[in-house]
Structure formats: structure tokens, C-alpha cells
Amino acid sequence: MAVAKDGREPNERNIYLSDHTSRGAPDVYVVGGILTVLRLEQPCDPARTRMLAWEGRFEPVECVGKRVLLEPLRDLESEDRLMLLVTLADGTELPFTVTSRQETTDDRTGDQQVNVFRDREAPKAVLASLYDSLRREGQLRAEVERYRKEDSVNHSLAGLLAKGDTKQTPFRQRYTALFKSPTGVELHVSVLASRNRDKAAVVFKVKNNSPTEPWSLMEARLITDDGREERPFALRASQKYWGPGGQSGQIAVVLDASAFDSKTGPDRLVLELFREGDGLRQAWVHLDKQMLRW
């Protein structure tokens, strides 16, 4: 019932009411046009389940068995806080605060399913709490690994190139190319090599000339020319989104000379950029180890 945006996994969260007794009504975060489901431990009473001041902002609140369905017609403002009172079949009243979580304009997240537990010691609640702990542990491990990988010389060099500080790096330009997409996005590509011949870099100067559509990077890939193997690289971008009307910025990629090596000799590599949304390839650059020679 909870539908994910852009192919992402549904955003599911657990609420343990015993944790909120001193904090008032727990928050439920919603996003315009996306269904949020409150999943309860027992059926709710439709006649006594209601939300205040929902008219014109939400579809009518529905209580279906053990589920309460919330569907905002549009995004709420960050200061909007609507009171939702869910009444269970045994007469127990559960208050919630319905609001939005918009930390930045590019970070809109909502609860697509909220599992509500009244007793944290109940078997289902204990199991859900265990899964929460395992999920948080996995997220922390992934974050630590990401920080470890990003704390490297290549990421630092890519950061300087993304800011346009080429003079502070050991790179010199070898050749350039220009890509123009049908949507109006221009990508001016510069391929660079280090003076010590131990690293290569590619800088994409992105300019979004579309009058209406934003542009963002979904993924970059560095693969062998035959497409069979991916190779490591460091990436930095000056921004996450390029707004319409000519906004510009840079994406920089740095790789070691060893990325070209294989058991059969130097490989030819292809660096590709794919845009967010439709996943179409926006630019590609063929790289050869010969470019490191002066």
C-alpha cells in the first residue's frame, strides 16, 4: 500500500508509544501525493478516528481494519502540525502529530508505513526493535565504509577540481570534448593527466540551459571498454542539482594509473555519466593509459 518514489524502497518506520509518553504525540511525516499508512496492533474505530483541519489538505482519513490511511493533496509546510487522533476498537485513544520533514529543498522524506506498538515488550514489538537495531548497525557500517573510502588523496584532488582549483593539483589538460543533450544540458569535458603520470582526471563542466527542467547526476561508471569489469575512481561534484535557466557547476573524477592495468596488459576504459530520472547516458569518455605519457 505504501508506494515508493523513483524506485526507492518504501520508507518504513516503527513507533513505540512507551518511548513517547513524556514527549507528547509522536510525529508522522507525510509527503504530498504519497500514501502514508499507520499499521496498528488492533482494529481502529472509523467513527472516532479523525484529524483536525484536514479539509483541502488531505483526502478523507480512512480507517480500514488495523490501518489508518493518510494522503496529503500537496506538500505541507515545515511549520504545519495537524493533530490526528486514532481510536482503537477497545476505546484507547492514540494521538499523533502529522507534519512534514523538509530539512532542505532537496531532501523531502516521508513515512510511507508507520508500525505503531503500544507495548515495547510485546513479541512483535521486540522483533521490530531488533530489526531496527540491525538496520541502524548496517547503516552505520556503510557510513563508516563510505567515509573511509572518501578520505583519500584522490577524493581530495577531485574536490579541488570540482571547485575549479586546477592550479592546486598536479594535473594538466590533455584534450577536451563537448556534449549537448536534447534537453538543453551542455557538458564540456576536460581530460587531464598528472605530471608524475600516476593519475588521470576528467572534469565535466555542466550547464543546464533547459528553461524548465532541473538536472542531476544519478551515477558515474568507469568500466573496461568491453563492459565486463568496473574500475575504482573518486568523484566530487560542486552541487547536487543544476537548476534550469543556465545554472552551471562541475563534476570531477580522479583515478589511479593502476585502474588501467589487467593481467593481459593495459585496458582501455570508458567513463560514463547517467542523469537522474530517466537514467539516460549524458556523456562518455574513452580513456587510454597512453594519455599519461607526455
Side-chain angles (χ1 to χ4, degrees), residues 1-104 107-140 142-143:
M1 299 176 70
V3 182
K5 273 187 174 182
D6 302 329
R8 296 192 295 266
E9 289 297 318
N11 188 2
E12 183 176 348
R13 186 165 63 93
N14 299 321
I15 288 180
Y16 306 94
L17 296 183
S18 57
D19 288 346
H20 299 275
T21 54
S22 61
R23 295 168 50 191
D27 290 339
V28 175
Y29 301 104
V30 298
V31 175
I34 301 296
L35 185 68
T36 296
V37 180
L38 271 64
R39 186 175 180 181
L40 310 169
E41 295 176 289
Q42 61 174 277
C44 55
D45 184 346
R48 292 186 290 170
T49 294
R50 60 189 182 277
M51 181 164 56
L52 301 180
W54 65 270
E55 293 85 351
R57 298 184 179 189
F58 284 75
E59 295 288 352
V61 176
E62 294 189 36
C63 179
V64 182
K66 297 181 180 180
R67 293 171 175 81
V68 176
L69 312 183
L70 308 174
E71 185 176 354
L73 299 174
R74 58 183 180 275
D75 287 342
L76 300 181
E77 298 297 330
S78 56
E79 64 271 15
D80 288 337
R81 301 182 67 81
L82 287 72
M83 180 58 67
L84 170 68
L85 182 64
V86 176
T87 302
L88 303 180
D90 64 2
T92 302
E93 295 183 342
L94 306 179
F96 300 90
T97 300
V98 180
T99 184
S100 66
R101 178 166 47 202
Q102 298 182 7
E103 299 172 1
T104 69
D107 182 19
R108 300 180 183 178
T109 57
D111 297 319
Q112 293 172 286
Q113 179 168 304
V114 178
N115 304 312
V116 181
F117 297 99
R118 295 170 57 193
D119 181 4
R120 194 182 186 98
E121 302 303 321
K124 289 184 179 179
V126 171
L127 184 60
S129 180
L130 173 61
Y131 287 148
D132 279 346
S133 298
L134 293 174
R135 182 165 53 247
R136 285 194 296 268
E137 181 182 357
Q139 291 171 345
L140 287 173
E143 188 172 357

Give a yes or no on whether the backbone of Asn11 and the side-chain of Gln112 come within a donor-acceptor separation of less than 3.5 Å. yes
Scanning both residues in full, the closest heavy-atom pair of Arg118 with Glu41 reads N-OE1, 2.9 Å
CZ on Arg48 to CG on Leu88, rounded to 0.5 Å: 9.5 Å
Which heavy atom of Val98 sits nearest a heavy atom of Met51, and at what distance? CG2-SD, 3.8 Å
Between CG of Leu38 and OG1 of Thr36, what distance do you get to the nearest 0.5 Å? 8.0 Å
Hey, could you give me the CG/OG1 distance between Asp80 and Thr97, rounded to the nearest 0.5 Å? 12.0 Å
Is there a donor-acceptor contact under 3.5 Å from the side chain of Thr49 to the main chain of Thr87? yes
Pairwise distance CD(Glu59) to CG(Leu70) - rounded to 0.5 angstrom: 11.5 Å
Is any side-chain heavy atom of Trp54 closer than 4.5 Å to one of Pro60? yes
I need the minimum non-hydrogen distance between Ala53 and Leu82, along with the two atoms involved. O-CD2, 3.5 Å
For Asp75 and Gly32, the nearest pair of non-hydrogen atoms, with its separation, is OD1-N, 2.7 Å
Kindly compute the distance separating CZ (Arg57) from CG (Leu73), expressed to the nearest 0.5 Å. 11.0 Å
Does some side-chain heavy atom of Val114 sit less than 4.5 Å from a side-chain heavy atom of Phe96? no
Rounded to the nearest 0.5 Å, what's the gap from CZ on Arg39 to CD1 on Ile15? Could you check? 14.5 Å
What closest approach, in Å, do Leu84 and Val61 show between heavy atoms, and which atom pair accounts for it? CD1-CG1, 4.4 Å
Minimal non-hydrogen separation, Pro95 against Ala25, with atom names: O-CB, 3.6 Å
